[in-house]
Amino acid sequence: QVQLVESGGGLVQPGGSLRLSCAASRSIFGFNAMGWYRQAPGNQRELVARITNSGFINYADSVKGRFTFSTDIAENTLLLQMNSLKPEDTAVYYCHALQNGINYWGQGTPVTVSS
């Protein structure tokens with residue numbers, strides 16, 4: 001019922017920046033949780049940033065101070081601004097939403113941080 005489509009991934013040099021966007025097919029108002037996760041080869045999918053109905057944003061320790069998660073309710077979009085990127089940030093990034101007990105995932109957008 002909800003389709004999530006990520007964009008903005010690509011190749012960037014260490015220290016660079018990228019902005020990821022996730023467009024939802026309908027209003028994201030009322031979602032129980034929304035956020036970004038990532039998965040590197042050989043690793044499990046891990047939380048990057050997440051917001052709940054309380055408005056509290058939870059970041060992984062590894063990205064605090066470098067990444068900023070936000071939502072644009074009017075545009076039905078989840079955003080992830082990534083600054084000071086490091087090679088260890090290389091992964092496929094997925095947007096996620098939880099509504100009425102159902103988890104929705106995007107297809108993922110790959111991010112490669114390398115010289």
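As the structure is a computational prediction, the values presented were derived from the model and not from experiment.
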*May I have the step-by-step check of side-chain contact (heavy atoms from CB on, under 4.5 Å) for Thr77 and Thr71, ending in yes or no?*
CA-CA 6 Å; Thr77 300; Thr71 62; over 6 Å; no

Rounded to the nearest 0.5 Å, how far apart are [atom1] of [X] and [atom2] of [Y]?
X      : Y     : atom1 : atom2 : value
Ser84  : Arg66 : OG    : CZ    : 7.0 Å
Asn103 : Asn32 : CG    : CG    : 10.0 Å
Arg19  : Asn83 : CZ    : CG    : 11.5 Å
Lys64  : Asn58 : NZ    : CG    : 6.5 Å
Tyr59  : Thr68 : OH    : OG1   : 5.0 Å
Gln1   : Ser25 : CD    : OG    : 8.0 Å

Is [Y] close to [X] at the side-chain level, that is, under 4.5 Å between some pair of heavy atoms?
X      : Y     : answer
Tyr93  : Leu80 : yes
Ser17  : Gln81 : yes
Trp36  : Leu78 : yes
Phe67  : Leu85 : yes
Arg26  : Val2  : yes
Thr109 : Leu20 : yes
Val113 : Leu11 : no
Phe69  : Leu79 : no

*asked:* side-chain contact (heavy atoms from CB on, under 4.5 Å), that's the test. Do Met82 and Val111 meet it? Break it down for me.
replied: CA-CA 10 Å; Met82 305 186 296; Val111 172; 4.0 Å; yes

*State plainly whether one hydrophobic cluster holds both Ile51 and Ile102, where clusters connect Ile, Leu, Val, Met, Phe, Trp and Tyr through side-chain heavy atoms under 4.5 angstrom apart.*
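Yes, it is one cluster - the side chains of Ile51 and Ile102 are joined through contacts under 4.5 Å.
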
*State yes or no: do Val63 and Phe56 share one hydrophobic cluster built from I, L, V, M, F, W and Y residues joined by side-chain heavy-atom distances below 4.5 Å, directly or via other members?*
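Not linked; separate clusters.
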
_For Ser27 against Phe31, the heavy-atom pair lying closest together_ =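 In this case the closest contact between Ser27 and Phe31 is O-CE1, 3.4 Å.
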
*asked:* How close do Cys22 and Leu4 get, counting heavy atoms only, and between which atoms?
replied: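 So the two residues come closest at SG-CB, 3.7 Å.
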
_Pi-cation contact, Tyr94 with Arg38 (under 6.0 Å, within 45°)_ =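 The answer is no; the distance or angle limit is not met.
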
*Do Thr112 and Ser114 get their side chains close enough for a donor-acceptor pair, meaning under 3.5 Å?*
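Note: Thr112 and Ser114 side chains miss the donor-acceptor criterion.
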
*Take atom CD of Glu46 as the centre, draw a 6.0 Å sphere, and report whether it contains more than 12 heavy atoms from other residues, nucleotides or ligands.*
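Count over threshold, so yes.
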
_If you count every heavy atom of other residues, nucleotides or ligands that lies below 6.0 Å from Gln39 atom CD, does the total exceed 12?_
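Above 12, so yes.
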
*Asp72 side chain to Ala74 main-chain N or O, any donor-acceptor pair under 3.5 Å?*
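Answer holds: yes.
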
*With the threshold set at 4.0 Å, does a side-chain nitrogen-carboxylate oxygen contact exist between Asp89 and Lys86?*
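Looking at Asp89 and Lys86, the cut-off is not met.
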
*How are the rings of Trp105 and Tyr37 set relative to one another: parallel (under 30°), tilted (30 to 60°) or perpendicular (over 60°)?*
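The rings of Trp105 and Tyr37 stand perpendicular, inter-plane angle above 60°.
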
